[in-house]
Asks: 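This is the structure, below, for whatever I ask next.
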2 protein chains.
Amino acid sequence: MKKRISIRDLAAQLDVSVTTISFILNGRAEEKRISAQLVERVLKHVKEVGYRPNSLARSLRTGKSHIICLMVEDIANPFFANIARLIEERAYKSGYKIMYCSTDNSLVKTREMIHMFRERHVDGFIIAPPEGVDEEINALINDGRPVILFDRTLPQVSTDHVMIDNAASTYLAVKHLVAEGFKNIAFITLDSLQSQMQGRLEGYERALREHNLNFHIKEVAFTLDEENTIRHIAAFLQRKKEVDAILFGTNYLAIRGLKAINQLKGQIAPKLGIVAFDDHDLFELNSPSITAIAQPIEEMADKVITLLLNKLNSLNKKKPNQSVLMNTKLVIRESSKGAGPELTVVSRASS
Amino acid sequence: MKKRISIRDLAAQLDVSVTTISFILNGRAEEKRISAQLVERVLKHVKEVGYRPNSLARSLRTGKSHIICLMVEDIANPFFANIARLIEERAYKSGYKIMYCSTDNSLVKTREMIHMFRERHVDGFIIAPPEGVDEEINALINDGRPVILFDRTLPQVSTDHVMIDNAASTYLAVKHLVAEGFKNIAFITLDSLQSQMQGRLEGYERALREHNLNFHIKEVAFTLDEENTIRHIAAFLQRKKEVDAILFGTNYLAIRGLKAINQLKGQIAPKLGIVAFDDHDLFELNSPSITAIAQPIEEMADKVITLLLNKLNSLNKKKPNQSVLMNTKLVIRESSKGAGPELTVVSRASS
DNA sequence: CTGAAAGCGCTAACAG
DNA sequence: CTGTTAGCGCTTTCAG
């Protein structure tokens with residue numbers, strides 16, 4: 001209804017030029033040697049009429065928006081939701097707003113999103129990228145828009161990264177299961193070539209090889225819905241009766257796997273060792289409580305936003321890219337307790 | 001690096017006026033009787049050079065943005081994360097993008113957010129509002145920006161709503177617990193005056209009153225962190241030894257409550273009846289599995305986005321406001337099984 | 001069918 | 001210190 005007030009109206013009402021007002025509003029009064037009393041008069045009036053500059057116009061003019069785009073695989077996934085929350089909080093404190101969106105790991109959707117955010121002059125990007133968007137992301141970087149990648153890398157893209165040591169995480173988890181006496185450790189993962197999943201697979205295989213144990217790998221199609229994932233996992237477990245422990249590659253695979261195991265009660269080994277990737281609020285309550293590889297979510301969020309703000313504040317100076325590799329923590333609970341520890345002790349600690 | 005191409009460049013390259021290109025790009029070629037062959041030439045070239053109109057400029061000019069703002073209490077809360085996900089998906093299919101943000105139930109933050117989104121010409125709002133933003137939201141509505149409220153109402157605001165029947169939900173949950181033989185049913189809730197929490201409280205009280213049972217209400221401060229919430233709940237349960245069942249007012253209270261109960265093993269009644277508000281992925285896996293009041297998330301997301309799109313498509317026609325009240329579903333699992341059903345059967349079914 | 005031109009609201013170079 | 005003015009890139013009216 002009511003027409004928004006513009007800087008022009010303000011100028012007319014105050015009998016001052018728009019330039020002056022613009023300078024005052026942008027904190028350049030001193031620099032431009034505008035009298036303190038005028039500054040005060042303007043500020044007072046601005047407050048009275050509740051004027052707020054149109055940020056769209058400002059953005060169009062300056063190319064800046066104070067908005068950061070956060071693209072994750074699925075905002076309903078607790079890992080991403082929590083990290084998004086923390087990033088939003090920290091960004092907000094530094095005067096930035098966050099626009100987030102889910103990529104669904106879809107190349108097409110991600111491309112479209114990148115385009116649309118770029119058009120809207122988003123200042124920087126934090127992305128957990130699907131495979132294949134290397135080109136678009138490079139275009140972004142060449143365009144001078146800072147990009148931080150997290151959770152996974154992209155082969156062709158060179159920029160700041162925040163990652164966990166996936167291979168070391170699964171490696172140590174498997175060692176733990178072996179130490180607990182498990183012999184036939186399965187790895188239930190996704191059929192994904194993404195770097196983080198490949199890393200997890202690598203750690204699993206390396207640990208098994210070191211102990212001369214057999215691989216039991218089940219790759220679930222990424223596109224499968226919950227119900228079908230459960231069915232596939234259940235079928236796998238029924239077929240592989242020898243499996244005595246499972247390492248799950250992602251948080252939702254673990255949950256779906258637990259449901260599958262639940263349905264199979266009595267049909268499979270009663271005391272299956274279990275380790276999940278990503279911790280979960282309810283894992284400690286489960287019986288048995290579930291051992292999990294916990295990602296350092298707070299530190300990751302912190303690092304990601306710090307790196308981005310740094311880049312944002314030193315746009316022209318080409319700094320070398322930083323690649324941050326973080327350690328996970330194996331939270332040991334009841335689900336990975338085995339018959340008893342083996343005697344084999346291996347001293348190699350990291351990947 | 002590379003300068004973005006503008007409609008002006010296009011016009012020069014094609015030796016056609018910007019107007020013509022603009023019309024063609026906006027699908028008004030026919031209406032403006034532009035020759036099919038010219039249309040084709042332009043479209044072909046646009047595709048070749050990969051031109052994409054600057055949506056910021058377009059937005060500044062038209063006042064539209066094809067962006068919807070979704071404000072929830074906390075995007076890391078599974079209920080909100082899941083509904084956000086569904087809304088995003090459906091909006092996306094209709095050509096709208098979603099910007100979401102968490103309000104933290106903070107009045108100040110919410111106000112600021114509303115201002116900033118309004119400035120950026122967001123087309124419509126979907127809000128789960130904190131108390132006290134009535135004024136800002138009314139300003140939005142008066143400004144012609146469609147607003148849909150969900151999860152809770154605001155006393156002073158009249159617009160479309162999507163809500164569940166909170167009172168009926170807790171009422172039926174309590175009846176169920178009573179039928180299972182529980183006598184001292186506690187309600188652990190927030191110290192919040194928000195409509196949805198008040199509704200839940202009301203249903204609880206009504207059911208107890210009908211059965212002449214004692215109230216056992218614990219209001220946890222909204223601002224408490226996880227650890228302290230657990231401590232408060234534990235203290236409450238230790239003090240009230242007579243409590244034999246608990247109804248939790250929100251999903252995270254239920255989780256924190258379960259953790260408290262877990263810590264108190266042995267110190268309190270071994271077989272506490274439990275019902276949670278909001279279902280959760282892992283509730284069916286818990287032992288005992290947890291009975292929950294499940295909100296119809298998909299239907300809610302559907303309804304919310306449908307209502308908003310309707311409003312968006314008929315901006316001037318003032319339609320009467322729609323208030324949608326949805327039913328929840330009590331998913332009965334092991335945690336609410338009591339000693340045995342009582343003989344009392346009450347026939348009133350809804351609130 | 002097409003072109004010129006007027007803004008949307010703001011910033012900032014330039015000229016007093 | 002302050003005002004004029006030229007755009008940012010697009011849509012749209014109005015006049016060919």
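Proteins come first, then strands; the chains are lettered A, B, ... in the order of their sequence lines, and each starts at number 1. Values below: all heavy atoms of this structure, side chains included; hydrogens, waters and symmetry mates excluded.
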Asks: With the side chain of B/T62 defined as its heavy atoms from C-beta on, choose the nearest nucleotide among C/dG9, D/dT11, D/dT2.
Replies: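 So the side chain of B/T62 is nearest to D/dT11.
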Asks: Between D/dC10, C/dT2, C/dC10, which nucleotide has the shortest distance from any of its atoms to the side chain of B/Y51?
Replies: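 Of D/dC10, C/dT2, C/dC10, D/dC10 is nearest to the side chain of B/Y51.
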Asks: Output the rounded distance in Å from CD1 (B/I21) to P (D/dT12).
Replies: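 After rounding, the reported distance stands at 16 Å.
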Asks: Provide, to the nearest angstrom, the distance between the CG atom belonging to A/D15 and the C1' atom belonging to D/dT2.
Replies: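 The distance from CG of A/D15 to C1' of D/dT2 comes to 11 Å, rounded to the nearest Å.
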Asks: Of the listed nucleotides (C/dC10, D/dT2, C/dT2), which one gets closest to any side-chain atom of B/K32?
Replies: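 Per side-chain heavy atoms of B/K32, the pick is C/dT2.
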Asks: Considering just the side-chain nitrogens and oxygens of B/S6, establish if one lies under 4.0 Å of OP1 or OP2 belonging to D/dG9.
Replies: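 For B/S6, the contact criterion (side-chain N or O under 4.0 Å from OP1 or OP2 of D/dG9) is not met.
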Asks: In this structure, how many angstroms lie between the P atom of C/dG7 and the CZ atom of B/R58, rounded?
Replies: 22 Å
Asks: Treating B/R85 as the side-chain partner and A/D74 as the backbone partner, does any N or O pair qualify as donor plus acceptor under 3.5 Å?
Replies: no
Asks: Nearest whole angstrom, please: distance from the C1' of D/dC8 to the NE2 of A/H121.
Replies: 8 Å
Asks: Using heavy-atom distances to pick each residue's nearest nucleotide on DNA chain C, tell me which of B/V18 and B/L60 is more 5'.
Replies: B/V18
Asks: Is the shortest side-chain N to carboxylate O distance from B/R90 to B/E298 below 4.0 Å?
Replies: yes
Asks: Side chain of A/V16 only, heavy atoms from C-beta on: which candidate in D/dG3, C/dG7, C/dT2 is closest?
Replies: D/dG3
Asks: Between B/E48 and B/K44, is there a side-chain N and carboxylate O pair less than 4.0 Å apart?
Replies: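 Yes.
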Asks: Report the C-alpha separation of B/T19 and B/K32 in whole Å, then their side-chain angles, then the decisive distance to 0.1 Å, and conclude whether the side-chain hydrogen bond (donor to acceptor under 3.5 Å, both in side chains) test is met.
Replies: CA-CA 11 Å; B/T19 317; B/K32 294 295 176 182; over 6 Å; no
Asks: Look at the side chain of A/R61 and decide which nucleotide, out of D/dT4, C/dT2, C/dT11, has an atom nearest to it.
Replies: C/dT11
Asks: Quick one: on DNA chain D, does A/R8 or A/I34 contact a more 5' nucleotide (nearest heavy atom)?
Replies: A/I34
Asks: Rounded to whole angstrom units, what separation is found between the CZ atom of B/R118 and the P atom of C/dG9?
Replies: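 Those two atoms, CZ and P, are 14 Å apart.
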Asks: In this structure, how many angstroms lie between the P atom of C/dC10 and the CZ atom of B/R120, rounded?
Replies: 13 Å
Asks: Could you tell me how far apart B/I7 (CD1) and C/dA5 (P) are, to the nearest whole angstrom?
Replies: 17 Å
Asks: Is A/L56 touching bases, backbone alone, or none of the nucleic acid, heavy atoms closer than 4.0 Å?
Replies: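 Nothing, no nucleic acid heavy atom in range.
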Asks: Taking A/E119 first and then B/K97, would you say they form a salt bridge - that is, a charged N and a carboxylate O separated by under 4.0 Å?
Replies: no
Asks: With the threshold set at 4.0 Å, does a side-chain nitrogen-carboxylate oxygen contact exist between B/R152 and B/E73?
Replies: yes
Asks: From the set C/dG9, D/dT12, C/dT11, return the single nucleotide nearest to any side-chain atom of A/N54.
Replies: C/dG9
Asks: Quick one: which of C/dT11, C/dA12, C/dA5 gets closest to the side chain of A/F23?
Replies: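 The answer is C/dA12, which lies nearest to the side chain.
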Asks: Whole-Å distance between C/dC8 P and B/K64 NZ?
Replies: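 So the two atoms are 16 Å apart, to the nearest Å.
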Asks: As a test of reading the structure: which of D/dT4, D/dT13, C/dC8 is closest to the side chain of B/T19, going by heavy atoms?
Replies: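 The listed nucleotide nearest to B/T19's side chain is D/dT13.
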Asks: When we call it a touch if two heavy atoms are under 4.0 Å apart, what does A/S35 touch: a base, just sugar-phosphate, or nothing?
Replies: sugar-phosphate
